[in-house]
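Take a look at the structure below.
Side-chain atoms are counted along with the backbone in the values below, which use heavy atoms only and exclude waters and symmetry mates.
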Amino acid sequence: MRSVRGDKTKLYGLIWGIDNKGVTVSAFEDKTEQLETALNFRIDRIELCKKSTCTRLYVTPRKHDRPTIISPYNEFFAKELSKLPNLLCVGKTGSGKSYALSVLLGIYAKYIPTVSITICDYKKSSFAQFEDTSNFYGYEDVPNGIRAFYQEFSERLAANDEERNKQIRVLLIDEYGALISAQDKKAADELKTMVGNMLFMGRSLNMRILIGVQRADVEHFKAGARDQFRAILALGDLSKEQRQMLFSDYKDKMNERNGLGEGYMLIDGKGIERVKIAPIRDFEVLNDTIRKAMCR
Ligand SMILES: Nc1ncnc2c1ncn2[C@@H]1O[C@H](COP(=O)(O)OP(=O)(O)OP(=O)(O)O)[C@@H](O)[C@H]1O
Ligand SMILES: [Mg+2]
């Protein structure tokens, strides 16, 4: 072993640097289970260091093998999350998606000082407390919210104005699947095209999208758009099909049973992580921060 250091993105994670003596990453991966048993660690990820003679193992000691907490107060992870360009949150009804999305919006509002948040809540339930702000769109008004956000996206795309692009804008669409299913073909197509374009090109324009769905369905996205999500948060236990569709490389690691607000988060380039959404300490504070960001 060459080095051990703490993994700042996790509560108890460690990063081991190992002199690999020419053993490939896939050979390490093939032995994951044996290594985990022998060393009493969970291995989260294995990658080659810049120097190809060194391999990095991201591990968590079994005694700390607990989910990473998602909360505005778990500062390091929250800051990581606030950098994500887009995120898909998926889970059966009652798994805690809308609650998790509120926490994520709270994180954006807390860690991105000038962020502007737009909420499209198709069920007009979980976010209805923001109904009095101009950036809230509920039920039949949701397509207008997406259009308004898309307008800014198109203008940014045309203007190429660095100053304008600096302000991060976040669009939440909760119950996206139900929204698309309820539209006729033409309207559904219009919405899917807008969302698809923003997923493809929104990143450099600082136009971000958060989507909540009960089931990720290829029908609900333009071809390829689903693969644009840089992060996927799955709450509760996903069906086998959903695991295969969304987490194909990691589905064998998703062995834990997940209660309310628990699940897995896959971040591009960072691998999969077991997560738990912390109970909200103070709804008033959270709602207040989100509301301020909705008035920008
Ligand atoms: N992490 C959590 N801690 C404590 N309570 C939670 C947590 N997540 C969700 N809840 C509670 O569980 C219930 C269901 O959560 P939520 O409405 O977020 O589920 P959902 O996945 O959005 O469901 P639906 O698909 O029906 O909208 C709510 O009453 C919510 O307050
Ligand atoms: Mg919900």
Side-chain angles (χ1 to χ4, degrees), residues 9-11 66-139 141-142 145 149 167-176 206-214 230-236 258-265 267 273-296:
T9 65
K10 303 227 171 109
L11 282 182
R66 300 192 201 126
T68 299
I69 302 297
I70 297 185
S71 144
Y73 305 101
N74 180 10
E75 193 172 325
F76 194 88
F77 198 51
K79 280 188 178 158
E80 287 293 307
L81 294 176
S82 72
K83 291 179 198 149
L84 292 170
N86 52 51
L87 178 142
L88 179 70
C89 177
V90 54
K92 291 175 190 149
T93 179
S95 57
K97 296 182 297 298
S98 302
Y99 195 96
L101 289 164
S102 310
V103 171
L104 287 171
L105 290 182
I107 286 174
Y108 282 146
K110 182 170 175 187
Y111 292 98
I112 314 173
T114 58
V115 70
S116 161
I117 292 175
T118 300
I119 295 182
C120 287
D121 178 7
Y122 186 62
K123 274 206 307 213
K124 209 174 176 180
S125 57
S126 304
F127 300 93
Q129 67 271 31
F130 301 115
E131 197 177 357
D132 57 326
T133 72
S134 57
N135 283 357
F136 175 89
Y137 300 84
Y139 191 47
D141 207 21
V142 161
F149 198 81
Q167 188 194 25
I168 295 176
R169 294 211 174 200
V170 176
L171 169 67
L172 164 68
I173 313 174
D174 198 9
E175 294 294 345
Y176 177 75
N206 273 330
M207 302 290 286
R208 304 181 177 183
I209 300 200
L210 286 178
I211 286 185
V213 281
Q214 296 193 7
R230 295 296 300 272
I232 300 175
L233 172 62
L235 293 172
N258 295 303
L260 182 64
E262 292 175 344
Y264 289 93
M265 181 140 185
I267 301 181
E273 174 122 22
R274 185 132 193 275
V275 293
K276 181 172 169 59
I277 314 298
I280 295 167
R281 284 191 206 166
D282 188 335
F283 280 94
E284 250 178 67
V285 173
L286 182 84
N287 286 342
D288 208 49
T289 351
I290 296 175
R291 178 180 294 277
K292 283 203 184 98
M294 290 184 75
C295 296
R296 284 187 198 117

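Taking CD1 of Ile277 as the reference point, atom OG of Ser71 lies at 9.5 Å (rounded to 0.5 Å). With values rounded to the nearest 0.5 angstrom, Tyr137 atom OH is found 12.0 Å from Ile173 atom CD1. Atom-to-atom distance recorded for Phe76:CZ and Leu81:CG is 11.0 Å, nearest 0.5 angstrom. Distance CD/Glu131 to CD/Gln129: 10.0 Å, rounded to 0.5 Å. In this structure, Cys89 SG and Leu235 CG are separated by 4.5 Å, a value rounded to the nearest 0.5 Å. How far CG of Asn287 is from CG of Asp282: 9.0 Å, rounded to the nearest 0.5 Å.
Here the two rings, on Phe127 and Phe136, have centers that are 6.0 Å apart or farther.
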Inset, instruction - Show your working on side-chain contact (heavy atoms from CB on, under 4.5 Å) between Arg230 and Ile267 and close with a plain yes or no. - result: CA-CA 6 Å; Arg230 295 296 300 272; Ile267 301 181; over 6 Å; no
Inset, instruction - Any chance you could lay out the side-chain contact (heavy atoms from CB on, under 4.5 Å) test for Val170 and Ser116, step after step, and finish with the verdict? - result: CA-CA 6 Å; Val170 176; Ser116 161; over 6 Å; no
Inset, instruction - Check the pair Val103 / Ile280 against side-chain contact (heavy atoms from CB on, under 4.5 Å), numbers first and verdict last. - result: CA-CA 8 Å; Val103 171; Ile280 295 167; 3.8 Å; yes
Inset, instruction - Determine, stepwise, if the pair Tyr139 / Lys123 fulfils side-chain contact (heavy atoms from CB on, under 4.5 Å). - result: CA-CA 6 Å; Tyr139 191 47; Lys123 274 206 307 213; over 6 Å; no
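Counting heavy atoms from C-beta outward, Leu87 and Met265 have side chains that approach closer than 4.5 Å. Side-chain contact between Leu104 and Leu233 is present, with heavy atoms from C-beta onward closer than 4.5 Å. You'll find the side chain of Leu172 reaches within 4.5 Å of the side chain of Leu105, heavy atoms only. Inter-residue side-chain proximity for Ile168 and Arg208 is flagged as met; some heavy-atom pair is nearer than 4.5 Å. Residues Leu286 and Ile290 have side chains in contact (heavy-atom distance under 4.5 Å, counting atoms from C-beta outward). In this structure the side chain of Asp121 never reaches within 4.5 angstrom of the side chain of Val142, judged on heavy atoms. You'll find the side chain of Ile107 reaches within 4.5 Å of the side chain of Ile70, heavy atoms only. Using a 4.5 Å heavy-atom cutoff, the side chains of Tyr73 and Arg281 are in contact.
Across all non-hydrogen atoms, the minimal contact from Ala293 to Ala109 is CB-CB, 4.1 Å. Closest of all the heavy-atom pairs between Tyr176 and Val213 is CB-CG1, 3.8 Å. The two residues Phe149 and Met207 come nearest to each other via the heavy atoms O-CE, 3.4 Å.
In Tyr99, the OH atom is crowded: over 12 heavy atoms of neighbouring residues, nucleotides or ligands sit closer than 6.0 Å.
There is no side-chain donor-acceptor pair under 3.5 Å between Arg296 and Asn135. Counting only N and O atoms by type, the side chains of Glu273 and Thr68 include a donor and acceptor under 3.5 Å apart.
Geometric assessment of Arg291 against the ring of Phe130 yields a negative cation-pi assignment under the 6.0 Å and 45° thresholds.
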